[in-house]
Each structure stands twice: as structure tokens, then as C-alpha cells.
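Each remark here refers to the structure printed beneath this line.
Predicted model only: the values in this text are computed from it and were never measured.
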Amino acid sequence: MAAALIGGLVGKGQAPGGIRVVELQPETRARLAAQFGIVCVDAVAAALPLGEVVVLAVKPQQMRAAVQALKPQLARELVISIAAGIRLADLSRWLGGYPTLVRCMPNTPALIGAGISGLYAGAAIAAGQRALAEIILGAVGATLWVSEESQLDPVTAISGSGPAYVFYFIEALQQAAQEMGFSAEDARKLAVETFAGTAKLAAQSPEHLALLRERVTSRGGTTERALASMEADGVRSLIVRALHAANQRAHELGEQLGTDE
């Protein structure tokens, strides 16, 4: 995700020289430096002075250890966390009570500039810093601010995990096409292009999704038969139930990751 953000920013005109990355792995440092022309170092001390914005793009389980070297260097910088499950209260505590924090939840389509990120700003965030956070996450797709941090759990369940559900459904379309006689290559093309085109139509149309669906569903036709089968099997309710389960798990992970043990 860090590479996606760097690529998005550079692609939108950010000078590579204004981006510094702290990365422990030598191979990754070399790759990022070569790919984007940015400065990559192996420690926070080598990246000083800090820039206007600090982005924490580490695995949630590594966050507490990763910020220890950063804590004494912070002054008034905007700190953006993209680590899933790490709540701002816990991050602030690990940073010695530092208040200028934004938490966000991007998703993997950010890799091609087509993501969506949910963002939540702490109380100490000024309007200009909020705008900076939106510029950075907006470099890889759409943004959505939430008014309560707890709303990032359902953001995680719906859009953060959502690409996996979409891939799952595309796999099912491909499987059915293959069972009906198409090659794997042609089945994949039918499934992917159908999903991509439909999503684009939904994004560009102001009409309700139900109306768009009804326009494809002719009385007594093939679409009606398929949807009737899905309704009989409770597909919609199963999907909604699964998303509630993901939301609950996001809440549980926040509880677990925020401990000091």
C-alpha cells in the first residue's frame, strides 16, 4: 500500500525528492528507490528532518515497535496511519500522547489508482491537515470521511475486505462459464468484463441500483430465473450476514491490537 501511495503521489506531480521512506529490508529499499526515484533509508534518524506529513504504513502487529524511534522526533507533523485495526487512542498512547493523527482504511484497488479510503480525523486535526490527508489518499482513489472512528470497522468490512468478495463472485461467474463449455481464458474474460462494465455503469448512473437491476430483469426471462434461484437460496441475506461477521471481527482486532501486552 505504501508503494501505491508513492506511485499515486508521483503520478499526480509530487516531486520524488520530497518523499523519504524508512524501510528495513534492503531489497525493498533498492526497489522503491529505483522505481520512484525517492530517498529510502533504513532508520528514522536517517530520514530527519521529518516532512509535513508522516505516513505509517506498517503491519498492525509491528506498529507499536515501529513508532518508538519516531516518538521523540514528532513536533506538529500530521501523522497518517493506514494500519488496519490500530485505533487512534492506542497509537497516540504509543507516541507519548501525540494528538495530530488521522486514521484511514484504503483497499487494494489503490494499486491501480481505483481504490476508496475511509478516513477519520482526530480532534486536533486542523482543516489544512485534513486537506493534506485527503490529497495523499486521494492520489490512489476516492475518499470518504467518517464522523466516528468506530465507523472504520464497517468500512473495513465493506470496502477494505470488499475486493475479496468481488473476486469470489467473479470466480463463481468464471466457474459457471467453464461448466457451460467456455475455455478458462474466455470464461475469465466474460466474467471480469461483465463485472467491470456493470460496476462502471453503476458508478456513472444516478439511478438507484435496484432500478438498474430491474431493467436487466425481463419478466419470464433468464435473469429473472437466476435471481429467483438466488433469492430462494437466501444469497442476499447470507452476504449481509457475512459482512456483519467481518465488521465484528474488525472490532475484535481493534481490541486485540490495542493492548500493551
Before giving the answer on side chain to side chain contact (heavy atoms under 4.5 Å, CB included), spell out for Tyr98 and Val79 the whole-Å C-alpha distance, their side-chain angles and the decisive distance to 0.1 Å.
CA-CA 9 Å; Tyr98 193 76; Val79 176; 3.7 Å; yes
May I have the step-by-step check of side chain to side chain contact (heavy atoms under 4.5 Å, CB included) for Leu119 and Val146, ending in yes or no?
CA-CA 6 Å; Leu119 298 97; Val146 298; over 6 Å; no
Could you go through Leu70 and Leu50, starting from their C-alpha distance and side-chain angles, then the distance that decides it, and tell me whether this counts as side chain to side chain contact (heavy atoms under 4.5 Å, CB included)?
CA-CA 9 Å; Leu70 180 65; Leu50 297 177; 3.8 Å; yes
Does the side chain to side chain contact (heavy atoms under 4.5 Å, CB included) test come out yes or no for Leu5 and Leu137, once each step is laid out?
CA-CA 7 Å; Leu5 287 172; Leu137 273 300; 4.1 Å; yes
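In terms of the side-chain hydrogen bond (donor to acceptor under 3.5 Å, both in side chains) criterion, Gln73 has no residue partners (sequence neighbours excluded). Every residue two or more places apart in sequence or in another chain that forms a salt bridge (Lys or Arg N to Asp or Glu O under 4.0 Å) with Arg87 is listed here: Glu255. Under the rule for a side-chain contact (heavy atoms from CB on, under 4.5 Å), the partners of Lys12 that lie at least two apart in sequence or sit in another chain are Ala139. Remark: Glu134 pairs with Thr143, Trp145 by the side-chain hydrogen bond (donor to acceptor under 3.5 Å, both in side chains) rule, at least two apart or across chains. With sequence neighbours excluded, the residues forming a salt bridge (Lys or Arg N to Asp or Glu O under 4.0 Å) with Arg215 are Glu207, listed by chain and number. With sequence neighbours left out, the side-chain hydrogen bond (donor to acceptor under 3.5 Å, both in side chains) criterion links Gln35 to no other residue. Glu77 meets the side-chain hydrogen bond (donor to acceptor under 3.5 Å, both in side chains) test with no other residue; sequence neighbours excluded. For Glu231, the salt bridge (Lys or Arg N to Asp or Glu O under 4.0 Å) partners are Arg236, not counting sequence neighbours. Residues passing the salt bridge (Lys or Arg N to Asp or Glu O under 4.0 Å) test with Arg249, sequence neighbours excluded: Glu252.
In terms of modelled atom types and a separation under 3.5 Å, the side chain of Ser159 and the main chain of Gly162 share no donor-acceptor contact. Side chain of Asn107 to backbone of Gly115: no donor-acceptor contact under 3.5 angstrom is found. No donor-acceptor pair closer than 3.5 Å links the side chain of Ser205 to the backbone N or O of Leu201. Although no hydrogens or angles enter the test, the distance criterion places a donor-acceptor pair under 3.5 Å between the side chain of Ser161 and the main chain of Thr156.
Shown here is Gln68, whose CD atom has more than 12 heavy atoms of other residues, nucleotides or ligands within 6.0 Å. Under a cut-off of 6.0 angstrom, the local environment of CZ in Phe182 is sparse, with at most 12 non-hydrogen atoms contributed by other residues, nucleotides or ligands.
Side-chain contact check for Leu78 versus Val54: every heavy-atom pair is 4.5 Å or farther apart. Between Ile86 and Trp94, some side-chain heavy-atom pair lies under the 4.5 Å cut-off. Residues Val140 and Leu111 have side chains not in contact (no heavy-atom distance under 4.5 Å, counting atoms from C-beta outward). Residues Tyr120 and Val102 form no side-chain contact, since every pair of their non-hydrogen atoms from C-beta on lies 4.5 Å or further apart. His251 places none of its side-chain heavy atoms less than 4.5 Å from the side chain of Asn247. Using a 4.5 Å heavy-atom cutoff, the side chains of Arg76 and Thr100 are not in contact. Counting heavy atoms from C-beta on, the side chains of Leu243 and Val240 never come closer than 4.5 Å. Counting only heavy atoms from C-beta outward, the side chains of Leu257 and Asp90 never approach each other to under 4.5 Å.
Within the structure, salt bridge (Lys or Arg N to Asp or Glu O under 4.0 Å) pairs that include any residue of residues 146-164 comprise Arg103-Glu149 (at least two apart or interchain). Residue pairs meeting the salt bridge (Lys or Arg N to Asp or Glu O under 4.0 Å) criterion with at least one member in residues 14-41: none, sequence neighbours excluded.
When all heavy atoms are compared, the tightest approach of Pro99 to Ser92 is N-OG, 4.5 Å. Residues Ile38 and Leu32 share a closest heavy-atom pair of CG1-O, 3.8 Å.
The CG atom of Leu144 lies 12.0 Å from the SG atom of Cys104; values are rounded to the nearest 0.5 Å. The CD atom of Glu185 sits 11.0 Å away from atom CD of Gln178, with the distance rounded to the nearest 0.5 Å. The CD1 atom of Ile136 sits 8.5 Å away from atom CD of Gln14, with the distance rounded to the nearest 0.5 Å. Here the CG-CG distance, from Leu56 to Leu91, works out to 6.0 Å after rounding to the nearest 0.5 Å. Interatomic distance, Ser117 OG to Ile80 CD1, rounded to the nearest 0.5 Å: 10.0 Å. Once rounded to the nearest 0.5 Å, the distance linking CG of Leu227 with CD of Glu214 reads 10.5 Å.
Of the N and O atoms on the side chains of Gln175 and Glu179, at least one donor lies less than 3.5 Å from an acceptor on the other residue.
Leu88 and Val55 fall into different hydrophobic clusters, where Ile, Leu, Val, Met, Phe, Trp and Tyr are joined by side-chain heavy atoms under 4.5 Å apart, directly or via other members. Under a hydrophobic-cluster definition in which Ile, Leu, Val, Met, Phe, Trp and Tyr are linked whenever side-chain heavy atoms come within less than 4.5 Å, directly or via other members, Ile135 and Ile125 are assigned to different clusters. Val155 and Ile116 fall into different hydrophobic clusters, defined by Ile, Leu, Val, Met, Phe, Trp and Tyr side-chain heavy atoms under 4.5 Å apart, directly or through other members. Under the 4.5 Å side-chain heavy-atom criterion for grouping Ile, Leu, Val, Met, Phe, Trp and Tyr, Leu9 is connected to Met1 within one hydrophobic cluster. Note: the hydrophobic cluster containing Ile82 does not contain Met63 (ILVMFWY, side chain heavy atoms under 4.5 Å, direct or indirect links).
With side-chain heavy atoms closer than 4.5 Å counting as contact, directly or through intermediates, the hydrophobic cluster containing Phe169 also holds Val166, Ile170, Leu173, Val192, Phe195.
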